[in-house]
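Let me begin by presenting the structure, written as structure tokens, before commenting on it.
Here the structure is a predicted model, which means the values were calculated and not measured. Chain identifiers are assigned alphabetically (A, B, ...) following the order of the sequence lines, protein sequences preceding nucleic acid strands; residue numbering begins at 1 within each chain.
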Amino acid sequence: MIPIINEQINDFLISLPNVSDDQVEFIKEKCATTVTDDLKKGHATSNVCMIAASILKRSPRDLAEELVSNLKDSNAFEKVESAGPGFINVTFKREDFVSIINYINLNPKDFGTAKHGKNKSIQIEFVSANPTGPLHVGHGRGAAYGDAIGRILTSSGYKVEKEYYINDAGRQIDILTASVYVKLNSDAFMEFFPKNAYKGSYIEDIAQAFKQKNTPSTLKDASLYIKDLPSDEEKEIDELIVRMKELDSSQWFEVKDFALNSVLDSIKEDLSLFNVGFDHWFYESSLGNLADSGSKISLAIQTLKDKKLAFEENGAIWLDTSDSGDDKNRVLIRDDGRPTYFASDVAYHKNKIDRGFDKLINVWGADHHGYIKRIEASMNGLGFDKNRLDVQLVQFANLFKEGKKVKMSTRSGDFYSLKDLIQDIGTDAARFYYLSKQADQHLDFDLDLATSDSKENMFYYIQYAHARIFSLLNKYKANNNHMPSSADSISNGSYRQCDKLIHEISRYPSVVRRASTSLHPHLIIFYLKDLAHTFHSFYNDNPVLTESQENLNSIILCLDAVKSVISNGLELLGIEPMEKM
RNA sequence: GCCUUCUUAGUUAAAUGGAUAUAACAGAUCCCUCCUAAGGAUUAGUUGCAGGUUCGAUUCCUGCAGAGGGCGCCA
């Protein structure tokens, strides 16, 4: 019905004296016709008169009165009135108001989907955790968020590709390899373990698995590796890595491949348990080496040099970021000839651009926010409009258990992993909790609250509503063999207890739309909470199964629609609705 | 110092520039002879400060005060 109102508003605007087409377009762009927040105001409301008034220099109330009389003349609505400072409130004819029940039940899965994405392609890059250890609870938030916006954008008509960028080329992989290497030869190395190596128990697991599948070479002389290592922890590990590569090259690369793949496999397994899927895994190593002038990384830097955006100074190659508001220029290639992490990232983003996406979304940890300007600078330099890149920052999550903050130390290997979280509270409760707060805000993840069965925990509150409806529908079907065919009592207005529910479900498509344009999945959660509340309230006031058969038929059809909306909403968050609790 | 995010009820959180700022928890009081009380109903209480833009500001702009995060030729 809202499109019909908008059509009439359009006609009204055109009919006004002294209005240019541009003005009409501008007004239509700024105004909105929406479902009201309260049935007392009718079913739909528009602020068009107040927008138009300020542009046309007329009184909003006068305009509202004119529009009201036009809308009344059309006989399309039950009631039309102006209200407050110049709102137009429309009450639909009852048959139109309740038609949404039928509409939803005919195609339950489609309700809430939209086409405003126009099949444009969006790439979402998220998680992209370094493959040096298992995912922890911080990664879980990015995973839940990226996956949810992927689902929401897909349902809004975008073509979405989800990608994971694997940092498999940097120094941290060498450290991982060295850590495993030392474990493999722990007998020869005696008590020695580098200060800066990874210490988690998974390192030991990888070493054990390696021994099962390969024959580790025997070290002839461990002292060649560890004699006179620098005492500085950074230099110690770097020197050790150099020696390992020299002394035992073939074994080094075997261990490296094995360790990387082991960690990657565990990451993939955790993500799959978490109901998060990726379409594409991009390896940093596929960008190639600077030594190869035809590699992606060389070509990217060459392009920047050609455009005079990259230059040499003090022996290093720098990117000029002055145009983007970054506070200083950034090194691409060090004075010793090795590329920085940033250089890889520039090449990676050039590759994304070359793949021709209409829009790129990067979901990054909040600690990367200083990084946005330099990457925008590089993209602008490569001729990609930086407005087509959208960086969504996800804040860290603090974990609380029994009211106390759980300490996490990656260095010692003592941390609460995503897998632990899934095992403790389940995938759905965890995803829900992550998504229940705006992603760029700090989140206190309270394990006890996430599993509590009180109203404070929205997850169970919403699921309980779904389960209650499911149970009612089952009982109805047991008594009646099949679902009712029509909702006469509701249509003819003899039963009006469901009106609030009908009104609430008619809001759903606009909620999804807002969630998709703002990339805010939590809006769906808060909507579902409201809907669940409306339902629980109805359920308490009205003993459904003892109603007359005619009323019962209507109620069942209405509740079936409510159930579809809850289930569709949860689906967008990647959460399975519960059928019983 | 520079960049950035944030400040809403006693607490934790919501709110495309809209009407009376919305919930939950904690507090007070009610509701199971009944479809799942993991629920419902009633009650009290809120936009850090000072300006500006606007018909209208929690929302946009400026300044101030306070809190967090980021500022490597690390990844």
Side-chain angles (χ1 to χ4, degrees), chain A residues 30-32 34 36-38 40-41 45 47 49-51 53-54 57-61 83-87 89 130 132 167 169-173 175 234 284 314-318 325-328 330-345 365-373 393 395-396 436-438 440-444 446 449 452-461 463-465 467-472 474-476 510-511 513-515 517-518 520 522-523 525-527 529-530 532-533 535-547 578 580-581:
Chain A
K30 275 194 83 177
C31 76
T34 54
T36 58
D37 57 354
D38 189 336
K40 286 180 198 138
K41 296 173 186 167
T45 184
N47 60 355
C49 297
M50 289 176 298
I51 308 286
S54 66
K57 306 288 174 219
R58 292 190 49 187
S59 146
R61 302 236 28 164
F87 290 100
N89 291 343
N130 281 339
T132 53
N167 296 111
R171 171 174 175 259
Q172 79 282 5
I173 296 298
I175 298 179
E234 301 282 344
E284 180 186 0
N314 299 333
I317 306 290
W318 298 71
D326 198 4
D327 52 347
K328 51 186 158 186
R330 303 291 170 175
V331 173
L332 288 164
I333 303 176
R334 299 180 180 93
D335 54 10
D336 64 7
R338 292 176 307 138
T340 60
Y341 173 80
F342 178 49
S344 299
D345 236 11
D367 55 331
H368 278 64
H369 97 79
Y371 205 76
I372 296 175
K373 279 183 176 160
L393 295 179
Q395 281 286 352
F396 294 118
S436 65
K437 198 173 170 185
Q438 214 168 314
D440 63 355
Q441 306 283 330
H442 290 275
L443 174 74
D444 288 336
D446 185 333
L449 175 56
S452 81
D453 48 7
S454 70
K455 191 174 179 183
E456 205 178 345
N457 182 1
M458 290 188 284
F459 177 67
Y460 279 99
Y461 186 73
Q463 292 283 21
Y464 188 34
R468 274 179 152 177
I469 297 177
F470 191 83
S471 158
L472 284 178
N474 269 349
K475 287 187 170 137
Y476 178 91
S510 66
V511 171
R513 182 172 184 127
R514 266 176 57 205
T517 50
S518 62
H520 283 164
H522 74 280
L523 294 176
I525 286 190
F526 281 89
Y527 166 77
K529 187 198 69 176
D530 289 343
H533 178 252
F535 165 75
H536 285 308
S537 178
F538 167 82
Y539 183 88
N540 257 270
D541 293 344
N542 303 280
V544 174
L545 295 176
T546 53
E547 275 288 346
M578 290 184 180
K580 66 175 182 199
M581 304 186 68

Please report the shortest heavy-atom distance between S59(A) and A53(A), naming the atom on each side. C-CB, 4.2 Å
At their closest point, which heavy atom of F342(A) faces which heavy atom of V331(A), and how far apart are they? CD2-O, 3.9 Å
Check the geometry between F87(A) and rA19(B) and answer yes if their rings are stacked (centres below 5.5 Å, planes below 30°), otherwise no. yes
Could you measure between the two [atom1] atoms, the one in [N] and the one in [M], and give it in whole Å?
N       : M       : atom1 : result
rU43(B) : rA24(B) : C1'   : 16 Å
rC49(B) : rU7(B)  : C1'   : 12 Å
rA28(B) : rC64(B) : C1'   : 40 Å
rA23(B) : rU46(B) : P     : 15 Å
rG56(B) : rA38(B) : C1'   : 43 Å
rU29(B) : rG68(B) : P     : 40 Å
rG17(B) : rU53(B) : C1'   : 12 Å
rU47(B) : rU58(B) : P     : 10 Å

With syn defined as a glycosidic angle within 90 degrees of 0 and anti as anything else, the base of rC64(B) is anti
Polar-atom pairs under 3.5 Å, protein N or O versus N or O of nucleotides 54-56 of chain B: list them with distances, or write none.
none

[N] pairs with which nucleotide, Watson-Crick or G-U wobble, both distances below 3.5 Å?
N       : answer
rA23(B) : rU12(B)
rA57(B) : none
rU46(B) : none
rC71(B) : rG1(B)
rG66(B) : rC6(B)
rA37(B) : none

Among residues at least two apart in sequence or on other chains, which ones pass salt bridge (Lys or Arg N to Asp or Glu O under 4.0 Å) with R330(A)? D326(A), D327(A)
Residues at least two apart in sequence or cross-chain that pass salt bridge (Lys or Arg N to Asp or Glu O under 4.0 Å) with R61(A), listed by chain then number, are none
Tell me what [X] touches on the nucleic acid: a base, only sugar-phosphate, or nothing, going by heavy atoms under 4.0 Å.
X       : result
N314(A) : base
S518(A) : nothing
A53(A)  : nothing
N130(A) : sugar-phosphate

Would you mind reading off the distance between [X] atom [atom1] and [N] atom [atom2], rounded to a whole angstrom?
X       : N       : atom1 : atom2 : result
D37(A)  : rU22(B) : CG    : P     : 9 Å
I175(A) : rC74(B) : CD1   : C1'   : 9 Å
K41(A)  : rA19(B) : NZ    : P     : 7 Å
D367(A) : rC3(B)  : CG    : C1'   : 15 Å
D335(A) : rG72(B) : CG    : P     : 17 Å
R61(A)  : rA19(B) : CZ    : P     : 15 Å

With distance as the sole test, does N314(A) use its side chain to make a donor-acceptor pair with the main-chain N or O of A316(A) at under 3.5 Å? no
Backbone N/O of D453(A) and side chain of N457(A): donor-acceptor pair under 3.5 Å: no
For a quick check, tell me whether the side chain of N89(A) and the base of rA19(B) share a donor-acceptor pair closer than 3.5 Å. yes
Strictly under 4.0 angstrom, non-hydrogen atoms only: write out the protein contact profile of nucleotides 34-47 of chain B, one letter per nucleotide from the 5' end, B, S or -. -BBSBBSS------
How does protein reach along nucleotides 4-16 of chain B, written 5' to 3' as B (base within reach of a heavy atom under 4.0 Å), S (only sugar-phosphate), or - (no contact)? S-S------SSSB
With sequence neighbours left out, write down each residue that passes ring-ring contact (aromatic ring centres under 6.0 Å, His included) with [X], or none if nothing qualifies.
X       : result
Y539(A) : F535(A)
Y464(A) : H536(A)
Y527(A) : Y508(A)

Drop me the distance from T340(A)'s OG1 to R334(A)'s CZ, to the nearest 0.5 angstrom. 6.0 Å
Partners of [X] by side chain to side chain contact (heavy atoms under 4.5 Å, CB included), sequence neighbours excluded?
X       : value
H520(A) : Q438(A), S518(A), H522(A), L523(A)
H442(A) : Q395(A)
S54(A)  : none
N130(A) : T132(A), N167(A), Q172(A)

Is the shortest side-chain N/O distance from R334(A) to OP1 or OP2 of rC74(B) below 4.0 Å? yes
Pick the closest RNA chain B nucleotide for G170(A) and for D38(A) by heavy atoms, then say which residue is nearer the 5' end. D38(A)
